[in-house]
Every structure is written in C-alpha cells, then in structure tokens.
Undergrad: 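Can you keep this structure in mind? I'll have questions shortly.
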Amino acid sequence: MCGHALNGNQEEKMPNPYNPQDIEPKWQARWDADSLYKSVIDHGKPKFYALTMLPYPSGDIHIGHWYAMSPSDVRARFKRMQGFDVLFPMGFDAFGLPAENAAIQRSIHPKTWTLANIERERQQLRSMGMMIDWEREAISCLPGYYRWSEWFFLKFYEMGLAYRKKAPVDYCPNCKTTLAREQVIGEEHICERCGTPVVKKDLEQWFWRITKYADELLDFSKIDWPDKIRLAQTNWIQRSEGAEVTFTVAPEDLPAGAAPEEGDLVVFTTRPDTLWGATFMVLSPEHPLVERITRPEYRAAVQSYQAQAARQTEIERMSTEKEKTGVFTGAYAINPVNDARIPIWIADYVLITYGTGAIMAVPAHDDRDFAFAVKFGLPIIPVIDRVDGLAKSFAFPGSVRAGFAEALKDAGFEFTAAPVGELGEGLFVTLHGNEQIDRYIALMQAYLLEGNWNEVVGARWAFIFSDGIRELDSVESDAEILTRCKAIYPPVSENRTCMEMLSHLPFYRDTLFHPEYGTMINSGVFDGTPVKGAVAKVVAWLEANELGRGAVNYRLRDWLISRQRYWGAPIPVVYCDTCGVVPVPYEDLPVLLPDDVDFMPTGESPLKYHEGFLHTTCPKCGGPATRETDTMDTFVCSSWYQYAYLSPYYREGKPAHADSIPWDTEEAKYWAPVDTYTGGAEHAVMHLLYTRFFTKALRDAGIVNFDEPMLQLRNQGTILGEPRCGDCVEVTGAWEGAAFRAAEITVYSFQDQATWPPAERSAGLVRGEVIDRDDVSLKVQTSEAGELTVVLIDEDMPVAIPGKEKGGTAKDILYHLDVEKMSKSKKNVVAPDELVAQYGADTVRAYLMFGWRWEQGGPWDSHGIEGVVRWINRVWNVVTEPAQAAGAETLSGRELLRAMHFAVKSITEDLEGFGFNTVIARLMEYTNALSKARSAHYGSALWDEAVATLLLLIAPVAPHMAEELWAFLGKPYSVHQQAWPTWDPAMLVVDEIEIPVQINGKVRGRVTVPADADEDAIEAAALADANVQRHLEGQQVLKVIVPNKKLVSIAAKPK
RNA sequence: GGGGCGGUGGCGAAAUGGCAGACGCACCGGUCUUAAAAACCGAGGGACUUACGUCCGUGUGGGUUCGAGUCCCACCCGCCCUACCA
C-alpha cells in the first residue's frame, strides 16, 4: 500500500484522542485470538529463548514485577522483529509457605488460595501487554509439574546425589521447618521469611550433593553473567586450598584401652607454612572427640560450655562485640611437625560444619587465634617473618643511660619521646629493616642499665638483657623471658605470656600480629624458606612424612532440601521396617499431596497426621511402610522450570520411567538452553546456584547435553518507595508532662502542603507535620527548626482523613518517609493496576524503562511519568493529526533521513545492550525531529517511511499504541510481525561538521569544515579561527593533533 | 572485620580517553485563553560581563595524557551483600 492512498483514508477518519483504555484491551484480545505470541519451532530461523524470573503468586503483581518484566518483554519483542524465533514463557512458583500460612490463619486451602491468586495475577500480567506464550504456562504446585520434581529426586538418589543424614540443621520455630543455610540470614541467624531467630536441631534430613560440583560451579567461562553474581557465587562456594594435618591426642589423655588411631585429630589449614606456630588446638564444642578426651577435673566446665554454646543459637545475640569464649579440656595434643605438647581447648568460634571441626591455632598469624590466645594466656610464637620489616621498641623511663635519646638522634633513628605516667620520659622507637634493627640493638646494649631489659618487637623478636639477647622463638623461651622480666619488674607478674605483657602497650599493638605470607622462621628445618613456594614445600614434606596431605575445602555445603511443611512436592520415599529407605518406583509417581488435610494452628505439617498418606506398603517387600512426610524446598521446583515451559506437564497421566525424559526432546533440542535470563540479584547464591547445579546433574544423567542453564544473565535493580512528607495534624488535648495527650485530631493531607496552617505548640494545641508514628504516639514537628513533640494517641481513635470517606483511625495518618523499600505498612506501595487505569500499560512500560538505570533502580517518582505521557501523546499526534501550515522551523529531507537512521542505529544498539532508558530518550528525540519536520514533509514518501519507522521502533516498547497507529495508517496487521528496521551508515554522514578546537585542553573555538576535509585542512581552519589566534598570541605552538577528525588539540606554551 | 557497587544541575539521568549535563521531571518566561488547565515555543551548572567572552565546575587530593566524569594511586561519604569458614 502506498502512502498517497493512505492520505485519503486519513482525511476520512477524524483523529481520536489517544485513549489507551479502549486500545489496549482491544488489541490484547485480538493478539490472543490470533495466537500471535505462540512459539512454534521453526528451523528456518535462529531461536531465542528469553526468560524472566517467574513470580511467586502472593496475590498481586506489584510494580517491581513490572519493572523487571517490561524491559525483558521489550527485548524479546525486539529479537522477534529481528528475525529470531522467540520463546517468552511465564509460569508461577506456586509452592511455599505463605499459602500454608493463609490456610492456617484464614482456613483457606493452600491450593484454593494459590490458584485464585494465579488467576488474578495472570489477568494482571495480561494487562501489561507482554508477548507471553500462555499455552506454555507452568504452575509448580500442580501434580503434572511436581511429578517431575519427584522424578528428579529419584534420579538424583539413583546417581548418589541425594542422601539422608542426621545433621544439626537450622530450624525456624515459627515456620516450623528447617531451612537451607542460605535462608538463614545475618549475624542474628534469623529466618529469611519471618525474622525469627533460628535454632539448631539434630534431624534426619535429605541433602543434595551440590558440593560434588563445587569446582565446576566456580567456572563461569561458558556464561555471560554479571561480575556481581559470579563474585557472590565464588565467595559463597569459597574454595580454600591447604592441607589436612593429623595431630594426635597425647596417649595419656585417651581413655584406657583406646586404639592409638582413635586419638587422631585431623585439622584443615590454609596455612601449612605456620604449623610450627601452632601453640594450642581448638575443637568445636560439638566435636565428637571432646567427650572422650576431657579430663575429669575439667568435665563440669566443658559440659556447661557445650550447653551454653548449643543454647547460644537459640537466644538472640545481644551485642555485636565478639569476645572470644572457650574452655580448656585438660587434654593435650602432639603437634606432628615438632612434637610439641599443646593444650586442647573448645570454643564456639570453631564451627563443626566447616573443615574437620577442629583447628590448629596459630595465634601469631591468625587474628581470631590471636584474640583467643591473649585472652586465655596461651603462648604466641611468630613463625613468619614480617614482610614490611617493621619493628618497634620502647625504652622504659630510667632504663637507659643518659644521652640515649641524643645517640638515637645522631644515628638517625625515628623515635618520639613522651612521658609515661609519673615515671618520666620514655622513648618510642620505630625501626625499618634488619640493618637498622641490628644497629639499634648494638646501641641499646651499650646504653642499657644493669637490672633492666629492652625488647624489639615486630620484624625481630629480641629481648635485650644486660647479660645478652634472648629471642622469642619457642614456647620455652617465652616462659624463660617472662620469668626474667617478672624478676626485674614485678608489676608484670600478672602476665601469662610475653605477648600478653607486650599487648598492654598500645604502641606495640599493630606489630604483635600479622596474617601475611612471608619467610618462615622458628620452623625447624624450614627456617629461612622464602614466601614463594613455602606452602607447597611444607605440603610436600607433610605428604612425604605421612603427617598430612594437600586438601581443598569449600564453604559450600550440600543443599538441604527437606522441609517439614505440607505445601511442597512430596519426597518420594517410604520407610519400611525390613527394607529401610525405599524410593517410590518411577511408575508410581506422582506421590500426590492429599487435599483433605487438617491444618494445625501450630503450623506442624498435617501430612504427619494424615493416615491415608502416611501408611503405605513397601514397594520392595510388600510389607507395611510409612511415607516420608517432609516435602521438598520450593527451590527444587524453580531449578528446572525453564525446561518445564518447553512442554508443560509432559505426558501427564502416562506413567514415567527411569529412562524417561521429563520434556519433549524436540522442543528441548531447539529451544534450550535459555539465551537471556533476567531477574533479581537477590537470588545470587540460591536459585541461580541451584539451577546451575541442577543442569550439571541433568547433563551427567544424560538428559541435557549442555553445561549451563542460562547463557546470559542480567539483573534489574529495585524500585524503592517514593520519599514524601507526612500529613499535617492539628491536635487538641492536654499536656501530660513532656507529651501531649490527644483528644481530637484534624488531618491536613500531605498532598496539600501549600495550604497547611503553620506549625504551633501551645497550651491546648499542637500542630505540624507527622514525622513518625507508632501504635501509641505521633511525633509531630512543631516548629520550623525541627522541634518534635510527642503526641499520645489511642490507636483506634477515629480521625477524619481527607479523601477517606468512611473515616479512618489514627493508624491511617501518614508519617514522613525518606527513601525506603515499599511496604504495605508504610503505605508507600505503588499499585500498577491504578497506573494502568490512569495512563495505560504502554505509558507505564515506557516510564519504567525511562526513569532509572535498569540495573540500578531507585525511588519511585510519581511526577516523572508526565514526561512519558506527553511523549506518547506527541507520538499519537504526529501520526494522526492532519497536515498543518508550515511552521517556522523544519528539517531538510536529508536531516530527516539522518535522524531516522540515527534513531534506528542507536535504539538497536541500546536494546541489545540493556540500555533501556536511552532507548526511550532516542525515541523522544526522533519524535521531536518528526514534529519539526512534519509541516515540510507531510504526505511525502519520505514522511511515510519516517513515520512507519517510528512505529516499528516503538512497537516493542508500546505494543498497543504501535499496533493501533499501524492499523490507522492502513498497514498490514500486525506491526509485531514486521521486520526490524535497519540503518545505512552512509545516511549518518553529514555534509559539514563542527569541530571544537582545544588549546591546552580548553575549548577556545569551533570551526565548521566539510565532512570530507582532511586533517591538514581542519588544522589550518582551526589555526585561522579568530578566538584561537587570540589565545595563541604570545604562545609557542608545540604540537597540533587532529584525532579521528573529531577535534583539534593544540598544545602551546608561552614564548 | 571482608567484599561489591556507586558519588555528575533542585531531581531522575546521558557521555567507545575527545564540546560535561543528551533525554526528561520540577521551576521560570512567552504564545493561545475572559481566566485557568492542556498544548506549543523559549531560557537556564556557578561566578563575572551590556555583549564577544573569561574564570571555576563530575565527592577530596595527587598522577598518567595533547586531552580525564572516564585510566592509575591515596583518602572521604553513601548504599548493598557477607560475616568467627581455619
């Protein structure tokens, strides 16, 4: 259809004003009826699997979902127009606690609650106008879905990836379930869901062996994922290389009759090079050996400490201070490298869940061990030389002959003199390197008075006595030096080690301990071993002497998947008295969740009391058996949903087998893996790690033939609540001390701030903005200066709230909000449905793309959307309005073409690179250019092309409006099935270019030259510019460069 | 304590080492209107200047470069994640 035929058409139609409320439902229904977004395998096209994280059906799609999903949809649409066969599915992560809590609180069955929410959210998602292929919808709580979740369990069990063990696990007493480690958050160890402090429980639980893939999960070479996520996963897995070293319990500390190897005490260390500095051992309080080695006289203290450590996770930790605690067992261990006898302690800073649950403590080079040793008076012996050569010495007042300070100064030492209490002046010397230290020691020996000592700490550990030098190089010398010091100066008698004595002097504190790698000292045959290769050499030596071996440890633990809840996929296992643990045969899947259950007010799983579910027969022997009543973590279901979309509820009703594939292999071969995945970064160490593990396990099972589930990942940021002022209240009442008791409250809305009466505080009246509110009081700002008055209220007292017809209570008064997360209680939630009703989905989509850097997010701004509203209307008008009289300003045909090609180029590139805000900016610019060019070009073929291009570029962003205008122009349905426009670099060229001229980095002029001018011509033009010449007067030009013909840079200096 | 991300007008933000502030919001001026709203047009980082223009400007201080918001070093501030992991 040609442009001119269209013009006649347009004149017949009176242009309607833009009305999204008509347009959007109309096109949504049409697209639906035409199955426009149904994805069908087409081997003639390249495929593109675009996936965005699926929502949990909590009852409402909120603005965060829109923010995450709209740009993902835009990009999927863009890819489709580019010629890809695109799959963009959606589903619901439908198992989980909130459904069960609703059941308990409101007597609604979780299934009813969940499916009703899904129904509602599906409608909300449809209102967004996304190109979702709804025929592929997958809901994880339906048997057709969770049958395969169960199937994977059996498969993993078969592969040895699923196992059961009794383990201390985190248990939330409120949610009545165990949690995965990553669901326990922060210092207080609180439940991710409800914030209740978790407790440790010893339970038989099912685990999945994710640790088997620890090394492979550290390899990101096959995927394009954000650094942030890769880092989070790397840190979470935390691979540590080191050695396992076998210490032994001193034979006399083992129970009589114990076999010698029972005393083996294996530790993991990343610092085998510090083995010679291990002056004590610490076992975790839960370590099995504690019971056997504790000496009778220490038993009571040990048991009391163990009890306290177990309880400690139950009580909220009061302070952030981390004072080390622990007790001595009375037993000793032998350090295999030097046969030193070292005490065995227990302390809660050693965790049973990491490494071997036991450590060798090297207090000189580990800060935790250092703190522990200082507190409990355990010896600290340095075994790694300082790399910085730093050493310090403090000359005690009166310990040296007169003239020492002058001698120090003459010799060039760095020192300060300061009074020490009443004792006189002390000298604080700082030394760098061995040469200085040697000179200092010699000088000190010359000046030290009889009956005194001096020490050099840090890069040298020397105690200078009048009869010679003693180095702190062993536990024995530590004791000997300390004894001598105590004899010389009795006030130090309280100290148990030299380090403890030295630690009292603040001047020394930064030199007593260092964790760096360096040359080994005080380490027997390894003395002098340089940093490089020291660890490897020690490991080789340990292995040669059969004292230990190189070892790798991970912080990553196996994935605990058992949940003591009803609303999850059943774990398909039965327990038989004769056969033990028996997996349910593949053919018998799914193990169905029974519907007829009674929910306990306690939250305890009703499955435990459901006789029909509980009792079954053993698949192996046919005898009586009971079912596993735990269900699987919901993350199991979301670990494979990207494959479920390929053929949802695959082969439902037909039996599964061990060698089944859980989805249509033709679909999988074509679509998988996911090409672009978008979603929140908060899933970094949970979902995003689990799904990678899952795919690797599936690969090993021969079900998929690739290693990674999602090739490219991008994270969006978070939209926060909008800052706002609080309501203004006028309160009458009476003073109660410093507070004001409210009798009656009048509210002036925060929206009418201009009409607020002035703040006031008088005998019977308080008036001002509400800064904060709780159940019993308001904080009212009663002066410009910020003076706050506490107004006591009754939570339910009736208050007239402007705009609230039924009348509210004091709880409805809005208080001042700075930027915070959106939450219902703060009443700062943005409801997308209301925005859609007011502005239309296209505008909301565009605003969410335009307002923020997508990967960053930020606070909501309810005014900013107006700019997008205006733009959308301008687009509407520029297409639909009839020709107007020529305006003053217009664009040449060449300029219009250039604007068009530039728009295509930049929008294509920015969509590709997730630069959504600049996509809208470029669209706005292009629209502005069209507005300008309209009067001159309206009706021409060029104009038609320019307008069509605008609609094609807008189609992914504002799909409804683009479709409507496309139809208005009489173009063939659908705009979404058109090819994405391309640009011609030749069209971007301009005839003349303006080039700035810099002198010494400052712009001093601009010259306009033909686009094809060569560098010499540009340089000549630049030097000829009047302002440039003015600035070059009296200057000598050193250099002129014309990089890329983009600017002229002149370097000059005064003659 | 460890790690990460960020700091640019009143606000959201642009800017392959090359004219800082594109595109918007808010504000201000104008056109239209009896008036307002809407729409459209226009000015705007700061200081000085009638003006041409000049100086200063991307958290602070250094450095590399003809040229730095961008790269390097040190520091300050904010946010996020993580946390006794041997």
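Since the structure is predicted, the reported quantities are computational estimates derived from the model, not experimental observations. The sequence lines fix the lettering, A, B, ..., with proteins before strands; numbering per chain opens at 1.
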Undergrad: When we call it a touch if two heavy atoms are under 4.0 Å apart, what does A/Leu1047 touch: a base, just sugar-phosphate, or nothing?
TA: base
Undergrad: For B/rG12, does either OP1 or OP2 sit under 4.0 Å from a side-chain N or O belonging to A/Asn917?
TA: no
Undergrad: Establish, with yes or no, whether the OP1 or OP2 oxygen of B/rG24 is under 4.0 angstrom from a side-chain nitrogen or oxygen of A/Arg874.
TA: yes
Undergrad: Using a cut-off of 4.0 Å on non-hydrogen atoms, how would the nucleic acid contact of A/Val868 be classed: base, sugar-phosphate, or nothing?
TA: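 No contact at all - A/Val868 keeps every heavy atom at 4.0 Å or more from the nucleic acid.
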Undergrad: Need one value for A/Phe850: base, sugar-phosphate or nothing, where a base atom within 4.0 Å counts as base even if backbone is also close, heavy atoms only.
TA: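 The residue A/Phe850 makes base contact.
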Undergrad: Does B/rC40 have its OP1 or OP2 closer than 4.0 Å to a side-chain nitrogen or oxygen of A/Arg870?
TA: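 For B/rC40, OP1/OP2 do not have a side-chain N/O of A/Arg870 under 4.0 Å.
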Undergrad: With heavy atoms under 4.0 Å as the rule, sort A/Thr356 into base, sugar-phosphate or nothing.
TA: nothing
Undergrad: Output the single nucleotide from B/rC84, B/rG18, B/rG6 whose closest atom is nearest the side chain of A/Gln856.
TA: B/rG6
Undergrad: Working to the nearest 0.5 Å, report the span between CG of A/Leu848 and CZ of A/Phe916.
TA: 12.0 Å
Undergrad: Counting only side-chain N and O atoms of A/Arg1030, is one of them less than 4.0 Å from OP1 or OP2 of B/rU54?
TA: yes
Undergrad: Using the P atoms only, state how far B/rA43 lies from B/rU33, rounded to an integer number of Å.
TA: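 Between the two P atoms, the distance is 24 Å.
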Undergrad: With P as the reference atom in both, quote the distance from B/rG2 to B/rC55 in angstrom, rounded to an integer.
TA: 45 Å
Undergrad: Name the nucleic acid region contacted by A/Gln998, choosing base, sugar-phosphate or nothing; use a 4.0 angstrom heavy-atom cut-off, strictly under.
TA: base
Undergrad: From C-beta outward on A/Ala1051, which listed nucleotide comes closest to its side chain: B/rA22, B/rC66, B/rA86?
TA: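 When the side chain of A/Ala1051 is considered, B/rC66 is the closest of B/rA22, B/rC66, B/rA86.
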Undergrad: Hey, what's the ring geometry for A/Phe914 with A/Trp854, parallel, tilted or perpendicular (30° and 60° as the breaks)?
TA: parallel
Undergrad: Indicate, yes or no, whether a donor-acceptor pair under 3.5 Å links the base of B/rC81 to the side chain of A/Lys228.
TA: no
Undergrad: In terms of side-chain heavy atoms of A/Arg555, which of B/rC66, B/rA83, B/rA13 is nearest?
TA: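 Nearest to the side chain of A/Arg555 among the choices is B/rA83.
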Undergrad: In terms of side-chain geometry, is the basic nitrogen of A/Glu925 or A/Arg922 positioned less than 4.0 Å from the acidic oxygen of its partner?
TA: yes
Undergrad: Does A/Arg271 contact B/rA86 through a side-chain donor or acceptor facing the base, at a distance under 3.5 Å?
TA: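 Looking at the base of B/rA86, it does not pair with any donor or acceptor on the side chain of A/Arg271 (distance under 3.5 Å).
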Undergrad: Do A/Lys1046 and B/rU16 have a side chain to base donor-acceptor pair shorter than 3.5 Å?
TA: yes
Undergrad: How would you label the contact of A/Arg922 with the nucleic acid (heavy atoms, under 4.0 Å): base, sugar-phosphate, or nothing?
TA: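 Base contact.
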Undergrad: Quick one: label A/Asn928 by what it contacts on the DNA or RNA (base, sugar-phosphate, nothing), any heavy atom closer than 4.0 Å.
TA: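 Result for A/Asn928 = sugar-phosphate.
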Undergrad: For the residue pair A/Trp345 and A/Phe376, does the interplanar ring angle fall in the parallel (under 30°), tilted (30 to 60°) or perpendicular (over 60°) class?
TA: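 If you compare the ring of A/Trp345 with that of A/Phe376, the planes turn out tilted.
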Undergrad: Side chain of A/Val1003: nearest nucleotide among B/rC19, B/rU54, B/rC66?
TA: B/rC19
Undergrad: What's the closest nucleotide to the side chain of A/Leu231 if the choices are B/rG3, B/rA83, B/rU54?
TA: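 Comparing B/rG3, B/rA83, B/rU54 against the side chain of A/Leu231, the answer is B/rG3.
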Undergrad: When you compare B/rG9 with B/rU58, how far apart are their P atoms, in angstrom units rounded to a whole number?
TA: 10 Å
Undergrad: Say you pick atom P in B/rG7 and the same atom in B/rG69; how far apart are they, in whole Å?
TA: 14 Å
Undergrad: Just checking A/Asn1027: base, sugar-phosphate only, or nothing, at a heavy-atom cut-off of under 4.0 Å?
TA: sugar-phosphate
Undergrad: If pairing requires Watson-Crick or G-U wobble contacts with both distances under 3.5 Å, which nucleotide is the partner of B/rC75?
TA: B/rG59
Undergrad: Is B/rG9 in the syn or the anti form, by the rule that syn lies within 90° of 0?
TA: syn
Undergrad: Among B/rG18, B/rC25, B/rA86, which is the nearest nucleotide to the side chain of A/Thr270?
TA: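 It is B/rA86.
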Undergrad: Just call it for A/His1031: base, sugar-phosphate, or nothing, with non-hydrogen atoms closer than 4.0 Å on any strand.
TA: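 Since only primed, P, OP1 and OP2 atoms lie under 4.0 Å of A/His1031, the category is sugar-phosphate.
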Undergrad: Hey, would you say the A/Trp871 and A/Trp876 ring centroids sit under 6.0 Å apart?
TA: no
Undergrad: Check the phosphate of B/rC23 against A/Thr918, side-chain N and O only, distance under 4.0 Å to OP1 or OP2. Yes or no?
TA: no
